[in-house]
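Worksheet: one structure, shown below.
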Amino acid sequence: MAPGGRTHAMASLQPIAIVKSEMAKTAWLRKLLRRKRKKGGASRVVVFVNTEDSALALHAALRKSFAVAVNAGPLAAEGLAAFRAGNRLVLITRDGQQPPTDLCSSGAAIGAVAVSWEAPSSLGAHRARMKTAMGMQLCYQLLVLRQSSRFVPSL
């Protein structure tokens with residue numbers, strides 16, 4: 001069993017956090033990161049995004065307040081190495097950038113919290129995220145509910 005009495009298989013059951021705007025989504029993530037930092041500062045968080053641009057933008061928005069690494073663009077190798085070594089406790093990674101088995105086999109993602117910042121770009125991306133998340137403690141799926149939305153489709 002994982003910490004908190006959860007089994008690893010349960011990590012694939014994603015609590016869905018519905019937020020009303022992109023600003024509320026960012027506030028939700030910052031609150032999660034502050035909470036994890038207060039719990040001894042050793043909790044790891046892996047944030048999944050769709051594109052390199054999304055990864056780099058989120059990294060720029062968070063790096064002044066949190067120990068964040070990005071697995072995209074020219075910082076990819078350095079960011080992944082810093083996360084694996086424990087020098088960065090948050091990793092922002094884009095779909096298709098890092099084979100999930102690499103994060104899991106290195107033990108870097110074990111017990112981490114996964115956050116799907118954006119809905120997966122494809123069924124393959126969803127499967128890759130879930131494969132990575134199997135060793136993680138908990139996964140969140142963030143959905144922005146637009147004013148015109150009448151329902152939130154399930155993944």
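Judged by the 6.0 Å and 45° rule, Arg44 forms a cation-pi pair with Phe83.
Between Val68 and the choices Val90, Leu91, Val47, the side chain to side chain contact (heavy atoms under 4.5 Å, CB included) rule is met once, by Val90.
Note that the CG atom of Leu89 and the CG atom of Leu33 stand 10.0 Å from one another [nearest 0.5 Å]. Remark: Leu62 CG to Arg30 CZ distance equals 5.0 Å, nearest 0.5 Å. Rounding to the nearest 0.5 Å gives a distance of 7.0 Å between OG1 of Thr93 and CZ of Phe48. For the atom pair Trp28 CH2 and Ile18 CD1, the distance stands at 12.5 Å (nearest 0.5 Å). Separation of atoms NE2 (His59) and CG (Asn71) is listed at 11.0 Å; rounding is to 0.5 Å.
What you find for Ala72 and Arg94 is that their closest heavy atoms are CB-CD, 4.3 Å. In terms of heavy atoms, Lys25 sits closest to Trp117 at NZ-O, 2.7 Å.
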Report, one line per pair, each donor and acceptor closer than 3.5 Å where one atom sits in a side chain of residues 49-57; sequence neighbours left out.
| residue | atom | partner | partner atom | Å |
| --- | --- | --- | --- | --- |
| Asn50 | OD1 | Ser121 | N | 3.4 |
| Asn50 | OD1 | Arg129 | NH2 | 3.2 |
| Asn50 | ND2 | Ala119 | O | 3.1 |
| Thr51 | OG1 | Ser54 | N | 3.1 |
| Thr51 | OG1 | Ser54 | OG | 3.0 |
| Glu52 | OE1 | Gly73 | N | 3.4 |
| Ser54 | OG | Glu118 | OE2 | 2.9 |

Going through the checks in order, is the side chain to side chain contact (heavy atoms under 4.5 Å, CB included) test met by Arg88 and Phe66?
CA-CA 9 Å; Arg88 296 289 184 268; Phe66 303 99; over 6 Å; no

